[in-house]
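Quick note on labels: first sequence line is chain A, next is B, and so on, each numbered from 1.
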2 protein chains.
Amino acid sequence: MRFVELIRKKRDGHPLEDSELQALIEAYTEGDLPDYQMAAFLMAVYYKSMEATELAVWTEAMLHSGQVLDLSDIDGAKVDKHSTGGVGDKVSLILAPLAAAAGLKVPMISGRGLGHTGGTLDKLESIPGFDVNQSVQRFIELVDTLGLGLIGQTGEIAPADKKLYALRDVTATVECIPLIASSIMSKKLAEGIDSLVLDVKVGSGAFMKNVDRARKLAQTMIDIGASMDRPVRALITDMDQPLGRAVGNSLEVIESLETLRGEGPEDLTEITLELVVEMLDVAGKADDRDEAKAHLRSLLDDGSAMEAFTRIIEAQGGDPGVCTDPSLLPSADYTVEFEALRDGVIQSIDAQEVGIAAMELGAGRRTKEDTIDHGVGLVFQKKRGDEVSSGEPILVIHYSDRQSLDLAKKRLRAAIVIGDQPLKAPPLILDRLQ
Amino acid sequence: MRFVELIRKKRDGHPLEDSELQALIEAYTEGDLPDYQMAAFLMAVYYKSMEATELAVWTEAMLHSGQVLDLSDIDGAKVDKHSTGGVGDKVSLILAPLAAAAGLKVPMISGRGLGHTGGTLDKLESIPGFDVNQSVQRFIELVDTLGLGLIGQTGEIAPADKKLYALRDVTATVECIPLIASSIMSKKLAEGIDSLVLDVKVGSGAFMKNVDRARKLAQTMIDIGASMDRPVRALITDMDQPLGRAVGNSLEVIESLETLRGEGPEDLTEITLELVVEMLDVAGKADDRDEAKAHLRSLLDDGSAMEAFTRIIEAQGGDPGVCTDPSLLPSADYTVEFEALRDGVIQSIDAQEVGIAAMELGAGRRTKEDTIDHGVGLVFQKKRGDEVSSGEPILVIHYSDRQSLDLAKKRLRAAIVIGDQPLKAPPLILDRLQ
């Protein structure tokens with residue numbers, strides 16, 4: 001097969017045969033197709049897209065480029081959730097133990113943060129001792145016995161995606177719906193799950209900047225799932241302002257613990273409950289959604305969800321003491337209040353800028369090689385629609401370094417707009433697709 | 001400079017700054033910009049093109065990526081001709097000595113054949129001893145003293161183009177007018193010429209399959225030339241059937257020698273004369289085009305052009321005896337006539353298929369690594385519009401290998417269409433741009 005002919009075919013807008021798509025993925029995974037040819041192919045896909053049938057074959061080839069977990073020996077519905085990423089998005093830390101407490105099996109393989117977005121693995125690693133690197137066998141055992149496992153992508157799972165993602169990152173081919181959808185779905189379906197719930201975020205802090213594109217991405221992933229008999233649900237949720245109040249690794253773990261105790265912020269609690277209801281529903285375990293939601297709330301209130309989290313922390317080598325004593329988590333050297341300069345109503349909090357400010361403090365990575373300061377970050381006391389007076393704190397900055405503080409403050413000043421108009425809190429869940 | 005941002009900018013259809021384009025070429029030439037990023041950029045250019053001002057800067061950066069010849073010490077007008085390539089296109093072998101005999105200085109740097117098209121260097125190398133690898137200093141000396149030099153592209157001239165061309169070849173980004181135009185113009189202008197005449201071929205045997213695209217390519221190159229104060233003329237010429245009668249290296253040298261004696265086929269003679277008239281005209285040395293053409297014809301008839309060719313062969317190490325005794329050139333082991341299967345008029349001779357048939361005989365390269373059999377090829381006795389009777393030879397096949405003969409015959413049978421309609425010989429020169 002001459003790969004240049006396949007590039008030309010896609011370049012000219014013709015759909016590729018199944019065998020051609022499989023050959024591209026196989027050769028690329030094996031190193032027989034050079035990066036420069038794949039880069040040209042990806043750019044052609046950026047412009048010419050892929051048909052639904054092409055994308056199903058492409059994703060399946062990526063999925064089978066490495067190990068596919070076999071969870072068939074585990075009883076119960078294996079369901080995972082995936083978020084397209086945002087600022088302050090610590091949902092996984094609450095959702096996985098809650099869903100496990102509700103009887104689901106959650107084999108969750110997560111990623112790290114990059115740029116303005118945080119990553120579940122980084123948040124988990126702020127728990128002293130917590131090890132996200134577990135063998136596949138141990139991971140399956142955890143899911144079986146505790147109902148959840150929380151690990152990072154191994155080299156064995158969807159290696160084609162790992163290579164493709166790294167290449168897309170440096171060739172301006174990240175922002176492409178079929179490539180995003182196949183990347184997510186290949187990784188998630190390699191977990192051996194029966195079904196999947198997607199949290200597709202939209203707004204300034206999300207990769208999708210408008211609802212139409214978010215819907216299109218969600219529908220594309222639902223179609224890929226359907227092609228492989230894996231039911232997929234999607235919520236389109238707001239990421240115009242940070243989710244919850246905390247941004248930064250330890251700080252988000254603390255907020256997650258509060259939420260697991262039923263004492264979390266309303267937006268974070270609501271979105272988590274809605275996503276777990278979807279997980280139960282897609283697994284055929286929620287005849288009545290309102291009842292299911294009420295039951296989930298009781299699992300927060302009675303400590304069941306917290307118990308599931310405590311046990312997985314312990315099982316993965318972490319200090320379960322953090323669940324009752326958050327002071328065991330790393331913290332920043334200093335804190336300072338960030339005050340409003342005028343009276344008014346908060347009109348907007350640009351989530352992307354907030355994410356970059358947190359990154360500048362050390363909570364995130366500018367490049368893959370950067371190390372993270374788990375203690376630093378931001379805790380908002382006011383959100384969109386809240387009234388503030390001049391001099392009143394909007395948030396608290398947790399920092400370790402004076403210079404990064406100045407950068408972050410400057411950025412936050414521009415990111416938070418105070419106006420005179422009263423404002424209703426914006427809707428959290430914008431759409432629901434299946 | 002983050003190159004991924006430049007790829008994204010072009011991807012989204014925004015023009016790049018001069019400094020950005022220069023940085024891309026410089027970093028790529030130095031090896032600081034990896035092939036995969038350039039591949040993605042080139043594919044973005046394929047879809048989003050370049051504005052005239054971008055293309056001028058891009059080409060100039062390519063041109064200055066290596067050595068630019070300084071011919072300012074040479075008296076006279078330094079003019080070259082470039083053909084976009086075709087089948088049976090041996091024009092350079094006649095044109096360069098003829099233009100030199102007419103007083104022009106022709107610093108001609110040529111290429112090799114690939115696929116169905118032949119290359120001037122391969123044709124020259126069928127002359128025993130002829131060395132296309134001359135030092136730049138020697139090349140300049142030849143142009144100065146003999147009025148012409150005939151060499152191949154050295155590693156020092158436009159190295160950016162060399163790398164880019166190799167990359168385009170394997171990433172399906174060859175067929176892109178701004179990239180073709182910048183490739184040609186960067187190499188040609190690095191020769192240190194004052195002006196340039198282009199022979200843009202159009203038809204089945206050419207890269208440009210229709211006149212509109214050929215015109216667009218020609219105009220793009222004229223504009224690039226204008227941006228650097230180098231007047232450029234272009235003829236759009238027919239390449240639907242092979243040019244002249246011979247296809248194959250030695251055979252084309254023989255035909256070139258006949259044409260230099262004034263005894264060549266009409267189409268080849270006509271196109272060569274017209275191109276040299278353009279060269280004289282663009283150099284301000286042809287007040288009256290008809291007179292100029294008549295003078296050129298006399299230079300063929302009186303042996304002046306042949307003398308120029310004889311002297312350059314000798315100066316570049318070749319055996320000048322070939323000019324009077326073509327049997328000194330390599331020849332194929334066998335010849336066989338290829339006969340018409342019916343009475344009629346030749347409606348078409350698909351030049352690309354003829355080129356591939358010649359390649360299959362060994363006259364051309366399928367891949368860059370193939371070696372060439374200089375003796376083999378085809379000599380047509382009939383062309384488009386000629387009447388043939390069943391059993392009458394249309395051409396003679398010169399071959400060395402039985403198996404390749406069978407392949408070539410099969411291809412020629414499909415390439416040559418005989419019908420009942422009388423047909424006027426098609427126009428040779430389709431347009432003239434400046």
Side-chain angles (χ1 to χ4, degrees), chain A residues 1-14 16 20 24 27-28 31-50 114-115 162-180 207 209 213 356 365-370, chain B residues 1-14 16 20 24 27-28 31-50 114-115 160 162-180 207 209 213 365-370:
Chain A
M1 184 147 336
R2 291 194 64 214
F3 293 117
V4 64
E5 295 308 328
L6 303 188
I7 303 170
R8 183 172 286 115
K9 199 168 173 182
K10 176 51 67 186
R11 184 197 75 186
D12 294 344
H14 306 299
L16 269 64
E20 293 171 339
L24 283 168
Y28 188 58
D32 297 332
L33 173 69
D35 280 336
Y36 52 81
Q37 287 192 312
M38 186 53 90
F41 183 78
L42 294 174
M43 188 57 88
V45 171
Y46 180 89
Y47 290 107
K48 294 294 178 177
S49 194
M50 282 194 185
L114 187 63
K162 213 162 187 158
K163 277 192 82 171
L164 280 170
Y165 194 85
L167 184 63
R168 287 167 54 209
D169 193 41
V170 291
T171 55
T173 50
V174 168
E175 307 92 330
C176 171
I177 283 177
L179 297 179
I180 298 171
F207 285 113
K209 303 294 181 195
R213 271 183 68 81
I356 297 174
R365 294 180 188 81
R366 196 179 299 275
T367 71
K368 289 189 192 72
E369 291 68 36
D370 286 354
Chain B
M1 187 148 333
R2 293 194 63 214
F3 293 118
V4 64
E5 295 307 327
L6 304 188
I7 303 171
R8 183 171 286 116
K9 198 167 174 182
K10 177 51 69 185
R11 184 197 74 186
D12 295 344
H14 305 300
L16 268 64
E20 294 171 338
L24 283 168
Y28 189 58
D32 297 332
L33 173 69
D35 280 335
Y36 53 81
Q37 287 192 314
M38 186 53 91
F41 183 78
L42 294 174
M43 188 58 86
V45 171
Y46 179 88
Y47 289 107
K48 294 293 179 180
S49 195
M50 281 191 184
L114 188 63
K162 213 162 188 159
K163 276 192 83 171
L164 280 171
Y165 193 86
L167 184 62
R168 287 167 56 210
D169 193 39
V170 291
T171 55
T173 49
V174 168
E175 308 92 331
C176 171
I177 283 176
L179 297 179
I180 297 171
F207 285 112
K209 303 296 182 193
R213 270 182 69 79
R365 293 180 189 83
R366 197 179 298 277
T367 71
K368 288 189 192 73
E369 291 70 34
D370 286 352

Response to the item:
Among A:Arg11, A:Arg8, A:Lys9, the residue with the most heavy-atom pairs under 4.5 Å to chain B is A:Arg11
Worksheet, complete the sentence: Between the OH atom in A:Tyr46 and the CG atom in B:Asp12, the distance rounded to the nearest 0.5 Å is 5.0 Å
Worksheet item: Closest approach of A:Asp169 and B:Val4, non-hydrogen atoms and distance?
Response: O-CG2, 3.6 Å
Worksheet item: So which part of B:Phe41 gets closer than 4.5 Å to some heavy atom of chain A, the side chain, the backbone, both or neither?
Response: neither
Response to the item:
Most heavy-atom pairs under 4.5 Å with chain A, out of B:Asp35, B:Ile7, B:Val170, belong to B:Val170
Discussion item. As an exercise, state the distance from CG of A:Leu42 to CE of B:Met43, rounded to the nearest 0.5 Å.
Written reply: 10.0 Å
Worksheet, complete the sentence: Note: A:Lys10 and B:Tyr47 closest approach over all heavy atoms is O-OH, 4.1 Å
Discussion item. So which residue, A:Gln37, A:Glu175, A:Met38, A:Glu5, ends up with the most heavy-atom pairs under 4.5 Å with chain B?
Written reply: A:Glu175
Worksheet item: What pair of heavy atoms forms the shortest contact from A:Ala39 to B:Ala39, and how long is it?
Response: CB-CB, 4.3 Å
Worksheet item: Hey, what do you get for OG1 (A:Thr171) to OH (B:Tyr36), rounding to the nearest 0.5 Å?
Response: 9.0 Å
